[in-house]
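In what follows, a single structure is set out as structure tokens and then discussed.
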Amino acid sequence: MSLVVQKFGGTSVADAQKILAAASKAVARHKAGDQVVVVVSAMGHQTDVLVDLAKQINQRPSAREMDMLLSTGEQVSVALFAMAIQSLGVEAVSLTGAQIGIRTDSTHTKARIKSISTDNVKHNLNEGRIVIAAGFQGIDQCGNITTLGRGGSDTTAVALAAVLAADVCEIYTDVDGIYTTDPRLLPEARRLASIAYDEMLELASLGAGVMHPRSIEFAKKFGVKVHVRSSFKDVPGTLILPAEQTTPRPVSGVALAKNEARITLEGVPDQPGSSHRVFSQLASSGIAVDMIVQNVGQHGRADISFTVPADDLAAALEVTTSVAQQLGAEGVSHDGSLAKVSVVGVGMAREEGVAGHLFSALSRKGINVRMITTSEIKISVLIHRDDAAAAVQAAHRAFGLEAEAMGGGADGSAAALPKSSPLDVVRRLEGMEDLAVEDVTLDSSQALVTFTDLPDKPGVAADVFEEVGRAKLFVDMIVQSHPRGGKAELSFTVPSSDRERAIDVSGRIATSLGAIVVDVPHVAKLSITGVGIRSHAGMADRLFAPLTEAGINIDLVSTSEVRLNVIVAAKHGEKSLHILRRAFGL
Ligand code: ADP
Ligand code: ASP
Ligand code: MG
């Protein structure tokens with residue numbers, strides 16, 4: 001007998017007919033002898049309807065009351081779903097988040113799960129019932145209803161699958177799996193038979209709305225096998241699995257975050273502690289920053305740029321402007337009309353020329369790249385929002401994603417995942433959604449090359465990385481700062497052993513572009529790996545604080561959902577490693 005969690009999204013329960021159809025899937029599983037827990041979202045666009053309604057009454061409704069309101073959507077659908085199952089002759093019981101015992105913190109509208117009690121669910125399953133759980137909601141320690149953020153039913157489903165040690169978590173939705181990019185945006189997108197947790201985590205947090213990013217955090221932390229499939233068609237779907245069980249590709253998918261805003265603190269005195277001040281104050285205002293780029297700086301002053309969701313721009317500007325004054329910065333600039341396109345693939349780190357390929361494709365479409373950050377498995381570029389659709393298509397085609405056969409069907413029979421032992425799970429359930437830093441590592445074998453005074457126009461990043469690619473240089477980190485006064489700054493790292501060649505090539509490129517090359521023969525790169533690195537608002541703060549205290553300046557930063565890389569002077573490498581390992585309790 002298996003235990004299965006099935007989650008049905010809004011479109012899958014949009015009307016009575018669809019609820020009955022979904023219920024029959026659960027019943028079929030039950031009749032086959034499995035224990036079934038169903039997690040349901042609000043019907044159709046009910047959550048949007050409720051959000052609109054609230055806005056008609058109060059432009060700034062309190063977060064607590066929003067949660068009280070929004071949680072009703074799921075309460076309607078679980079009751080109807082249970083009735084549907086009963087009408088098919090099987091016992092069922094609907095439970096709210098509170099009735100299950102999904103405990104969260106008190107961050108209304110984006111609460112994090114702290115623990116889940118399994119007693120009530122298990123009791124009902126053992127009595128032979130199908131349990132219908134309300135997605136997206138929980139209860140804080142004072143008994144207030146909370147919600148987990150839009151799209152949060154996925155997280156309820158995977159978290160329940162984790163605590164119940166379910167054999168599989170099936171996500172039924174209106175697409176038949178995970179595609180190379182949003183098929184609504186680009187019809188030539190292809191379905192993937194499988195995708196690695198880290199890839200899905202990056203794609204989801206970089207804008208692919210198909211899965212709630214935190215659901216993948218749970219899946220990865222607890223080894224939950226997730227199967228994304230269509231509610232309406234009986235076709236194979238996509239399995240989300242550990243990287244070892246998937247086919248590594250340099251690029252598996254392209255994600256778009258359409259509503260991004262950039263803020264730059266211009267001319268910040270370049271001394272330890274500036275970044276810390278900025279990011280700790282943003283974190284305490286509950287604003288999660290995304291791309292962070294600090295240029296290498298000249299004349300003792302540097303620019304610090306970062307992006308936030310466009311919705312958070314006003315609040316973030318308020319905080320940044322006051323910090324800028326405290327720091328004696330020259331000014332603050334911003335742009336609310338940007339979008340971010342990212343390419344993701346676990347095989348990227350093993351291939352040369354991926355970046356050059358992407359930048360050339362964008363350049364051919366005349367798209368100007370405003371900022372760049374990379375991690376081992378993704379490259380993100382910030383562009384004007386009007387270029388978003390063209391950029392997604394160009395990136396998708398650059399890696400032949402429209403043509404590739406993506407490895408057939410996911411039949412759900414991939415090798416069983418090594419499950420955590422029950423004791424291990426119980427131990428880790430305390431603080432289920434806490435930031436999980438797995439490791440901090442030091443790489444002292446890299447050299448840093450920086451171009452300053454690069455012209456700010458389409459095709460420059462392509463010029464640089466096509467040439468670098470032709471020289472077969474193995475580029476690791478790439479960071480391009482926000483251009484100022486028509487000039488951009490671009491840095492990348494290469495293995496120290498390739499430094500001579502890198503300088504040679506860079507010198508040639510710089511001459512042709514009228515730029516200047518600065519190089520640092522040895523730098524220390526520190527990588528913090530784990531889960532939820534970017535989505536935890538305080539992460540940047542926790543990173544910068546201890547280094548600042550030790551008087552260590554951070555030269556470059558790049559962030560991703562599973563990794564944060566920083567470059568510091570080579571002489572500070574060992575000390576920084578020690579400090580960070582201690583800061584994260586390793
Ligand atoms: P549900 O209501 O079932 O939770 P969502 O609307 O949240 O469904 O997610 C499904 C939608 O996600 C799809 O209709 C699709 O447009 C969008 N989507 C975005 N990126 C991708 C992707 N890479 N693969 C598949 N779907 C995607
Ligand atoms: N109903 C909630 C929303 O629309 C949660 C979900 O569907 O996952 O965001
Ligand atoms: Mg969803």
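Computed from heavy atoms alone, side chains included, the values below leave out hydrogens, waters and symmetry copies. First listed ligand is number 1; within each ligand, the first listed atom is number 1.
Under a 4.0 Å criterion applied to the non-hydrogen atoms of D174, ligand 1 contributes the atoms 10 (C), 11 (C), 13 (C), 14 (O). Close approach to K7 involves these atoms of ligand 1, each under 4.0 Å from a residue heavy atom: 4 (O). Residue I178 has at least one heavy-atom neighbour below 4.0 Å for each of these atoms of ligand 1: 24 (N). For ligand 1, the atoms sitting less than 4.0 Å from at least one non-hydrogen atom of G10 are 2 (O), numbered in the order shown with element in parentheses. For ligand 1, the atoms lying closer than 4.0 Å to a non-hydrogen atom of R184 are 11 (C), 13 (C), 14 (O), 15 (C), 16 (O). Those atoms of ligand 1 that come under 4.0 Å of a heavy atom in A208, given as number and element, are 20 (N). In the vicinity of P183, heavy-atom distances shorter than 4.0 Å reach the ligand 1 atoms 25 (C), 26 (N), 27 (C). Near Y179, meaning under 4.0 Å from one of its heavy atoms, ligand 1 places the atoms 22 (C), 23 (N), 24 (N), 25 (C).
Annotation: ring pair (Phe, Tyr, Trp, His ring centres under 6.0 Å) contacts involving residues 347-373, sequence neighbours excluded, comprise H357-F399, F359-F465. Here ring pair (Phe, Tyr, Trp, His ring centres under 6.0 Å) pairs that include residues 147-194, with residues two or more places apart or in two chains, are F8-Y172.
Using a 4.0 Å cut-off between charged nitrogen and carboxylate oxygen, E376 and R563 count as a salt-bridge pair. Between K225 and D167 there is no salt bridge, since no side-chain nitrogen of the basic residue lies less than 4.0 Å from a carboxylate oxygen of the acidic one.
In D234, the CG atom is not crowded: 12 or fewer heavy atoms of neighbouring residues, nucleotides or ligands sit closer than 6.0 Å. For Q75, the CD atom counts as loosely surrounded, since its 6.0 Å shell holds 12 or fewer non-hydrogen atoms of other residues, nucleotides or ligands.
Donor-acceptor pairing under 3.5 Å is lacking for the side chains of S194 and T246. Judged purely by distance below 3.5 Å, without hydrogens or angles, the side chains of E74 and Q137 never pair a donor atom with an acceptor atom. S12 and S231 form a side-chain donor-acceptor contact under 3.5 Å, judged by distance and modelled atom types alone. Side chains of T181 and H396: a donor-acceptor N/O pair is absent below 3.5 angstrom, by distance only.
Protein heavy atom nearest atom 15 (C) of ligand 1, with residue, atom name and distance: D182 OD1, 3.3 Å. What sits closest to atom 27 (C) of ligand 1 on the protein, heavy atoms only, is V210 CB, 3.5 Å. Taking atom 25 (C) of ligand 1 as the reference point, the nearest protein heavy-atom neighbour is G177 O, 3.4 Å. From the protein, the heavy atom lying nearest to atom 7 (O) of ligand 1 is G209 O, 3.7 Å. Taking atom 3 (O) of ligand 1 as the reference point, the nearest protein heavy-atom neighbour is T173 OG1, 2.7 Å.
For D140, the side-chain hydrogen bond (donor to acceptor under 3.5 Å, both in side chains) criterion is met by S106, N144, not counting sequence neighbours.
Contact annotation: the side chain of K340 never approaches that of T307 to less than 4.5 Å [non-hydrogen atoms, C-beta and beyond].
Below 3.5 Å of separation, one finds no N or O of D154 facing any N or O of ligand 1.
At a heavy-atom cutoff of 4.0 Å, ligand 1 is contacted by the backbone of T181 but not by its side chain.
Near ligand 2, heavy-atom contacts under 4.0 Å come from S41, A42, T47, E74, F136, R150, G151, G152, S153.
With hydrogens and angles disregarded, no donor-acceptor distance shorter than 3.5 Å links the side chain of D387 to the backbone of I367.
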